[in-house]
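Everything below concerns the one structure shown next.
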Amino acid sequence: MREIHVLLAEDNRGDVLLVREALTAHHLSYRLHVASDGAQAVDFVARMGQPGEAPCPDILLLDLNLPRVDGHEVLREFRRHPDCATTPVIVVSSSDSPRDREKVSAFGVARYFRKPTNLDAFMQLGALVKELTERADPGNRDESG
Amino acid sequence: MDTATVSVESLRARIQSLEDQLAGAHERLKAAEADRDRNVAAEVRRRSNVFDVVLSTLPDLICTFDLDGRFTYANPALLGVWQKSLPEIIGKTTFDLGYPPELAARIQGEVKRVIASQRPVVNLTPFAGASGEMRVYEYIFSPVLGSDRSMAEVTCTARDVTERERMEKALAASEAKLQQVFAQAPVAIVVFRGPDFVVEMANPFYQALVQGKELVGRPFKDVLPDLGQDVWDAFRRVLDTGEPFVANEWYVPYDQNGDGVREDVWFNVVYHPMRNSEDQVTGMVAVCSDVSVQVRARKELERANRELEEFAYVAGHDLQEPLRMVGIYSEMLLRRFLGDDPDAREYAGFVRHGVERMERLIQDLLTYSRTIHSEDASTGGADLNRSLADALKTMDSRITESKAKVTAAPPPLVVGDPSQLAQVFQNILSNALKYRRVQIAPEIDISARRQGAEWIISVRDNGIGFEPQYSEKIFGLFKRLYKDQFSGTGLGLAICQRIIERYGGRIWAEGSPGNGAIFHFALTAVERV
């Protein structure tokens with residue numbers, strides 16, 4: 001199984017751990033790049049794909065409510081990267097507000113995953129990642145990572 | 001012939017002839033004089049007749065007094081008032097004619113004064129003639145001088161001014177009343193004249209608005225030079241078009257307290273044109289009430305409400321995060337480390353239960369705060385048919401589960417948001433199912449009736465009902481009448497109330513223990529097109 005690169009922008013360490021659990025629970029072979037605030041995420045996006053840096057991720061898991069730089073800004077920067085125009089993005093948020101959903105829909109968000117209070121429900125995030133990364137045709141992807 | 005004799009003779013004859021001529025002339029002259037005297041007498045008689053006619057037909061009362069204050073003449077009008085004939089009054093005084101003693105004395109005194117001063121006296125008196133009817137007379141005593149410039153007589157002309165007096169009194173009373181209204185009206189009133197809006201009058205309330213500045217007689221531009229152009233435009237329009245101008249909560253900043261800084265003030269105003277007898281608009285009356293206090297209070301309330309809503313919204317989200325951690329990680333603890341330990345499972349169950357309940361509370365709080373985020377308020381119509389159908393669909397499993405029977409007459413179109421009104425139905429239905437009687441299948445009936453411009457929707461159930469004294473309390477936040485037996489957050493009806501009130505409607509409930517409850521809500525009707 002191909003190892004996938006997952007970029008996770010999340011400031012809550014509890015949620016980072018849960019994302020790992022969810023990916024593992026669905027037997028994904030993955031490498032998780034964690035940006036614990038918006039600024040780190042933007043920084044990662046600026047450098048990714050360059051020699052000596054991490055490759056462009058296969059999927060972005062993005063919390064909208066990030067410190068320093070807000071999630072919408074991170075998404076905008078990510079989409080600006082020439083290799084990430086169509087990369088799947090899952091917004092992982094505790095917000096259920098239609099306003100937030102609307103704001104990100106313009107940037108081609110694949111899924112909107114509302115953080116549940118139930119463990120099993122949270123584990124479903126792994127299935128979602130699996131579905132979205134398997135759907136992407138591996139032949140067209142940059143395998144440099 | 002002696003020429004001297006002839007001369008004497010002829011001279012005598014001439015003298016005789018001249019004497020004759022003179023006598024003739026004298027005769028003619030006497031005749032002419034007699035003729036003239038006759039003419040004068042006739043003229044005097046003619047005049048006298050004219051005066052008699054004039055005096056007898058004048059409605060004014062006329063009489064003359066001699067120098068002892070006795071009547072020497074009274075015209076028919078006055079005789080009529082007395083109901084006496086001329087001979088009956090000649091030589092009598094006012095005392096003799098039975099005038100009230102005080103008035104009689106006053107008149108005699110006034111006649112004396114005229115005689116002494118040779119100047120007229122004017123006065124006013126009530127007097128009841130023979131008819132007994134009290135009338136008011138205005139009269140003038142005038143001196144009449146003889147040919148030697150000495151006092152001959154005193155005339156009196158009196159006019160019945162009862163009607164004039166009555167009208168003057170009525171006018172004065174009505175003016176006083178108007179003046180009182182004007183002065184005591186709890187609104188500011190000002191009257192302007194002419195194209196420069198010169199202040200004609202201003203009541204104390206208006207005076208207060210301009211902090212006692214000099215007003216009357218000044219062009220308004222001089223009084224309040226800093227008034228906004230929109231006010232002048234409105235003034236001008238009233239004068240030009242003759243149409244009244246009305247504005248509510250009009251923002252009219254001006255320097256109210258004279259400190260050189262314009263204050264924020266709001267007014268309800270009516271500017272009404274005033275017309276002259278030719279129907280031309282010559283001025284304007286402005287009625288203004290200062291509603292700044294109300295407007296400020298409302299703005300403050302709106303701000304406080306917005307902040308509260310924002311707070312509830314943010315707090316709702318921020319409360320969810322730690323709760324999620326508690327829920328998920330307690331589950332993780334149980335699975336990883338405690339396994340099948342029965343105590344651990346029980347404790348974890350309590351944690352789970354607490355988390356779920358807290359979650360529901362937060363969800364309801366969020367819904368509640370969302371319903372009062374006024375910027376989302378839809379102003380269109382809502383088809384209650386659709387709202388009810390949506391609510392029934394959401395409630396489907398619970399309705400089936402409880403074997404409830406729901407009947408509904410097709411509800412109408414009302415002002416509101418369909419999905420929010422679905423929430424209202426859902427919450428009321430949910431209550432009806434929750435508070436059912438043991439062993440009795442719930443029966444819920446939904447009906448609508450038109451009342452004026454509103455539809456009143458009623459949802460009746462056959463559940464446990466409630467004590468009538470709680471009919472208002474149940475709409476309060478977190479109010480739960482039956483805490484232990486029934487789950488719930490106590491927000492459902494509060495949400496219903498917020499939604500209904502947001503669309504200008506009312507919601508209320510009727511109930512008695514054991515007899516079910518009826519929830520009514522009234523919303524403005526929208527006609528089907």
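Sequence lines set the chain letters: A, B, ... in the order given, protein chains first and strands last, and positions in each chain run from 1.
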Within a strict 4.5 Å, meaning less than it, do heavy atoms of the B:Tyr329 and A:Leu18 side chains meet? yes
Is it the case that over 12 heavy atoms from other parts of the model lie below 6.0 angstrom from the [atom1] atom of [X]?
X: B:Arg398; atom1: CZ; result: yes
X: B:Arg335; atom1: CZ; result: yes
X: B:Arg386; atom1: CZ; result: no
X: B:Asp340; atom1: CG; result: no

Quick check on A:Asn65 against chain B: is it the side chain, the backbone, both or neither that has a heavy atom closer than 4.5 Å? neither
Looking at B:Met325, B:Gln320, B:Glu356, which has the largest count of heavy-atom pairs under 4.5 Å with chain A? B:Met325
Side chain, backbone, both or neither of B:Glu331 within contact of chain A (heavy atoms, under 4.5 Å): both
dist A:Glu21:CD -> B:Ile328:CD1 (nearest 0.5 Å) comes out at 11.0 Å
Enter the distance from A:Thr117:OG1 to B:Arg324:CZ here, rounded to the nearest 0.5 Å. 8.5 Å
